[in-house]
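Structure, as structure tokens:
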Protein chains: 2
Amino acid sequence: MDRDLEVFKNKFEKEMKSGLLSFLLLATIGSEKDPTYGYRIINNLASYSGGRYSLPEGTVYPILNQLSERGFLKTYWGDSKTGPRRKYYEITPQGRKAFEICLKEWKFINELVSDMLKNAGVEL
Amino acid sequence: MDRDLEVFKNKFEKEMKSGLLSFLLLATIGSEKDPTYGYRIINNLASYSGGRYSLPEGTVYPILNQLSERGFLKTYWGDSKTGPRRKYYEITPQGRKAFEICLKEWKFINELVSDMLKNAGVEL
DNA sequence: ATAATTACCTCGATGAACAAGGTATGTAGA
DNA sequence: TCTACATACCTTGTTCATCGAGGTAATTAT
């Protein structure tokens with residue numbers, strides 16, 4: 001693939017990711033039976049997508065703090081047997097509402113794109 | 001809906017949009033039988049999504065120029081019987097390649113989200 | 001000792017969307 | 001005629017987000 005397309009692809013990937021950050025973090029934390037923590041989330045996401053969707057720490061930690069400040073997550077510190085202390089996260093009722101909003105929007109966007117592509121004669 | 005969720009929703013919508021901009025523009029222009037132009041694209045997109053996905057001029061025109069500079073679109077000026085001159089756009093072979101890249105990425109993201117949600121016990 | 005892994009965080013550079021404002025043409029009505 | 005509106009394009013500056021780079025610190029392995 002030539003250089004221009006390469007650049008374009010990277011840009012597209014990056015932009016596509018952005019909207020999904022909070023959404024996926026809320027989904028991940030909300031789905032865990034036991035409270036989880038930042039480092040674990042980052043590694044899980046990376047391995048889960050075969051390394052294609054990796055979120056750097058500089059991105060994830062600020063968003064986790066932001067979600068906490070907004071009352072979507074609640075946190076507490078806990079010990080670890082294998083390393084330094086961990087900050088655990090749990091989703092709150094308000095967080096579940098926020099997740100539902102993301103889900104609704106995601107469905108809308110998905111339909112919009114499907115319709116547009118169908119209209120454009122592209123099969124998905 | 002309370003204020004915090006409202007703000008969060010707007011942020012999510014905005015971020016979700018961003019990755020779709022070039023993708024939808026390429027899809028729209030690539031699917032038109034006849035060459036189209038900026039003002040028309042903007043209005044079509046707005047009406048097509050029931051006003052929910054509107055792209056302001058300050059967003060669309062720079063992207064159209066950017067796509068042209070990258071060789072994904074070719075342009076020419078033409079007259080209009082009902083107003084000022086129009087700048088028409090057509091997709092190039094390179095532009096079709098770029099579109100295919102977006103499409104592939106879109107499918108990947110889509111699957112990733114589906115998997116994650118399924119994993120989180122959420123039905124889409 | 002020292003390197004690697006685990007685990008958290010902040011700062012600053014870069015870059016994107018878009019509100020706001022600008023230019024200009026054609027048309028319809030008063 | 002002139003004035004308001006719709007059409008049609010563009011640029012600038014503000015704002016805000018990502019994330020690379022760097023820092024701190026605990027545990028374990030060599």
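Letters A, B, ... are given to chains in the order of the sequence lines, protein chains preceding strands, and every chain is numbered from 1.
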Legend entry - Point-to-point distance, once rounded to the nearest 0.5 Å, from CG of B/N43 to CG of B/L55: 11.0 Å
Inset, instruction - Give a yes/no answer on whether the side chain of B/Y61 brings an N or O atom under 4.0 Å of OP1 or OP2 in D/dC9. - result: yes
Inset, instruction - Grab the CD1-P distance between B/I63 and D/dC10 for me, whole Å please. - result: 13 Å
Inset, instruction - Take the protein atom CD of B/Q66 and the nucleotide atom C1' of D/dC9, then report the distance between them rounded to whole Å. - result: 17 Å
Could you go through residues 95-105 of chain B and list every donor-acceptor pair under 3.5 Å that involves a side-chain atom there, pairing it with any protein atom two or more places apart or in another chain?
residue: B/E105; atom: OE2; partner: A/R52; partner atom: NH1; Å: 3.3

Write down the protein N/O and nucleotide N/O pairs, taken from nucleotides 23-28 of chain D, whose separation is under 3.5 Å; answer none if there are no such pairs.
residue: D/dT28; atom: OP1; partner: A/K81; partner atom: O; Å: 2.7

Legend entry - side chain to side chain contact (heavy atoms under 4.5 Å, CB included) partner of B/L67, the single match among B/T75, B/L73, B/T92, B/I91: B/L73
Legend entry - Pairs flagged by side-chain hydrogen bond (donor to acceptor under 3.5 Å, both in side chains) wherever residues 23-34 of chain B is involved - sequence neighbours left out: B/E32-B/R40
Inset, instruction - Measure from CG on A/L20 to P on D/dA17 and round the result to the nearest Å. - result: 16 Å
Inset, instruction - For DNA chain C, find the residues of residues 21-38 of chain A with a heavy-atom distance under 4.0 Å and give them by number; none if there aren't any. - result: A/Y37, A/G38
Inset, instruction - On the 0 to 90° scale, with breaks at 30° and 60°, tag the B/Y88-B/Y37 ring pair as parallel, tilted or perpendicular. - result: perpendicular
Legend entry - Exercise: identify the closest heavy-atom pair between B/P35 and B/Y76: CG-OH, 3.0 Å
Legend entry - Main-chain N/O of A/I109 paired with B/Y53 side-chain donor or acceptor, under 3.5 Å: no
Legend entry - Distance, rounded to the nearest Å, where B/Y76 contributes OH and D/dC9 contributes C1': 17 Å
Legend entry - Short N-O contact, B/K107 and B/E111, less than 4.0 angstrom: no
Legend entry - 4.5 Å side-chain heavy-atom contact, B/N110 and A/W106: yes
Legend entry - Nearest-0.5 Å distance that lies between atom CG in B/N65 and atom CZ in B/R70: 12.0 Å
Inset, instruction - Please report, rounded to the nearest Å, how far the P atom of D/dC9 is from the CG atom of B/L64. - result: 9 Å
Legend entry - Those residues of residues 9-17 of chain A lying under 4.0 Å from DNA chain C by at least one heavy atom: A/K11, A/E15
Legend entry - Outermost nucleotides of DNA chain C that come under 4.0 Å of a non-hydrogen atom of chain A: C/dT6 to C/dA16
Inset, instruction - Would you mind checking if B/E15 and B/K11 are paired as a salt bridge, meaning a charged N to carboxylate O distance below 4.0 Å? - result: yes
Inset, instruction - Can you label the angle between the A/F8 ring and the B/F72 ring as parallel, tilted or perpendicular, going by 30° and 60°? - result: perpendicular
Legend entry - Donor-acceptor under 3.5 Å (B/K17 side chain, B/S54 main chain): yes
